[in-house]
Amino acid sequence: MKRKNPQPSSAAVRRAGQIFSRLEEAYPDAVTALSYSTPFELLVAVILSAQSTDQQVNKITEKLFKKYRTPQEFALLTADQLANDIKGCGLFRNKSKHLVETSRILVEQYGGEVPQDRESLMLLPGVGRKTANVVLGVVFGQATFPVDTHVHRLAHRLGLSSGKSPEQTELDLCALIPPEQWQRAHHQLIYHGRRVCDARKPKCPDCCVNDLCPSAKRSGEGNS
DNA sequence: AACTCGGGGCA
DNA sequence: TGCCCAGAGTT
């Protein structure tokens, strides 16, 4: 039989809670939000948000959704047409192609609706595990944790996950963080990851959770 | 596993 | 001014 992810100790859960309340205190404005009014609009916004900020995406979608709002409308566009409307976020040519193809699939295979399971979402062009989890969590209220490069790196450094794979990190964080805090925790990890806990040179002296971080302790022991 | 896309954020 | 990506697809 299949082994489930082992239940974390209460001490581990408590430590995770400490870390996130610190981050919450340090970055009260770290949580941004993509603006949308339908599940399809959120799906579009999340696809656009790869390698781009939410603010950047909101600027684009504010205009975009006034022209096109439904998968039926997106499905009629050529990639070049749409590219012109989403210019301003990174990787826009790829995303444009993906959005048109995804819209066609939604119309042809899902009656124009956004599927609510991860397997179906991940079959859509431009939608990987991280994007699928954001959609499931934000619009369908499902228990997921979107793991991007920052989340993966920080969870490992902070001792919240073994860091073996993004999938494992996702399981570990889901077990450690109460469902209602997942979205906020996600944004705070990203914010912290960009400004303090870099991939290359983490600024441990400036870090608000350095006393709770096994990595910071290790790197601090070598010098004195 | 390494490469590509691309405008923005940040030093 | 230049580096590095708030990812996912392709080779």
Side-chain angles (χ1 to χ4, degrees), chain A residues 20 23-24 26-36 42-64 79-80 82-106 114-115 118-139 144-158 163-170 173 177 181-207:
Chain A
F20 284 102
L23 292 174
E24 183 81 49
Y27 313 124
D29 299 325
V31 179
T32 60
L34 295 169
S35 44
Y36 68 98
L42 179 75
L43 175 62
V44 172
V46 179
I47 289 175
L48 291 180
S49 72
Q51 301 289 316
S52 311
T53 63
D54 289 357
Q55 289 86 347
Q56 208 174 339
V57 172
N58 284 337
K59 245 188 286 181
I60 294 168
T61 54
E62 186 186 353
K63 293 181 183 178
L64 180 65
D80 286 341
L82 184 56
N84 198 45
D85 286 307
I86 65 173
K87 211 175 326 185
C89 69
L91 317 179
F92 69 95
R93 262 179 262 275
N94 293 340
K95 292 171 182 175
S96 173
K97 196 190 307 177
H98 291 152
L99 282 176
V100 172
E101 291 174 6
T102 283
S103 299
R104 289 178 183 159
I105 293 174
L106 291 185
V114 177
R118 183 160 56 204
E119 292 70 27
S120 302
L121 283 168
M122 287 181 64
L123 288 176
L124 300 171
V127 180
R129 192 181 180 92
K130 184 260 178 180
T131 298
N133 280 344
V134 173
V135 172
L136 291 173
V138 172
V139 80
T144 69
F145 202 107
V147 176
D148 59 27
T149 57
H150 289 307
V151 172
H152 189 238
R153 180 181 70 253
L154 266 64
H156 184 41
R157 284 186 181 161
L158 288 165
K164 286 177 124 173
S165 66
E167 290 76 12
Q168 186 59 49
T169 296
E170 179 184 331
L173 291 181
I177 301 169
Q181 293 178 20
W182 287 340
Q183 293 302 323
R184 297 190 66 81
H186 170 73
H187 282 100
Q188 281 151 0
L189 284 176
I190 290 170
Y191 192 96
H192 187 61
R194 291 211 73 171
R195 290 160 183 79
V196 179
C197 198
D198 306 10
R200 303 198 172 229
K201 291 187 182 175
K203 305 174 181 61
C204 296
D206 299 334
C207 176

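Order of the sequence lines fixes the chain letters, A, B, ..., with proteins taken first and strands second; residue numbering starts at 1 for each chain. Treat the numbers as computed from the prediction; the structure is a model and nothing was measured.
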field: Nearest-angstrom distance, P atom, dG6(B) to dT11(C)
entry: 16 Å
task: Take atom CG of N94(A) and atom P of dT10(C), then tell me their distance rounded to the nearest Å.
output: 10 Å
message: Between dT1(C) and dC5(B), how far apart are the two P atoms, rounded to whole Å?
response: 23 Å
query: Among L48(A), T61(A), T53(A), which residue meets the side chain to side chain contact (heavy atoms under 4.5 Å, CB included) test with C89(A)?
result: L48(A)
statement: Comparing T53(A) with H98(A), nearest DNA chain C nucleotide closer to 5' gives the residue T53(A)
Interface residues of residues 120-136 of chain A with DNA chain B (non-hydrogen, below 4.0 angstrom): none
- prompt: For atom NZ of K59(A), is the number of surrounding heavy atoms from other residues, nucleotides or ligands below 6.0 Å larger than 12?
  reply: no
query: OG1/T144(A) to CD/Q183(A) distance, rounded to the nearest 0.5 angstrom?
result: 6.5 Å
query: Base, sugar-phosphate alone, or nothing: which one does S49(A) contact when heavy atoms must sit under 4.0 Å apart?
result: sugar-phosphate
message: Pick the closest DNA chain B nucleotide for K203(A) and for K87(A) by heavy atoms, then say which residue is nearer the 5' end.
response: K87(A)
query: Charged N to carboxylate O under 4.0 angstrom, E170(A) versus R118(A)?
result: yes
task: State plainly whether the residues K203(A) and D198(A) are in salt-bridge range, i.e. N to O under 4.0 Å.
output: yes
- request: Provide the closest heavy-atom pair for L154(A) versus L189(A) in the form atom of the first, atom of the second, distance.
  value: CD2-O, 3.4 Å
- request: Classify the ring geometry between W182(A) and F145(A) as parallel (under 30°), tilted (30 to 60°) or perpendicular (over 60°).
  value: perpendicular
Nucleotide range of DNA chain B lying under 4.0 Å from chain A heavy atoms: dC5(B) to dC10(B)
- prompt: Between V44(A), V139(A), V46(A), N58(A), which is the residue that forms a side chain to side chain contact (heavy atoms under 4.5 Å, CB included) with Y36(A)?
  reply: V139(A)
task: Determine whether the side chains of N84(A) and K87(A) contain a donor N or O and an acceptor N or O closer than 3.5 Å.
output: yes
- prompt: Roughly how many Å is it from CZ in R200(A) to P in dC5(C), rounded to a whole number?
  reply: 6 Å
query: To the nearest Å, how far apart are L48(A) CG and dC5(C) P?
result: 22 Å
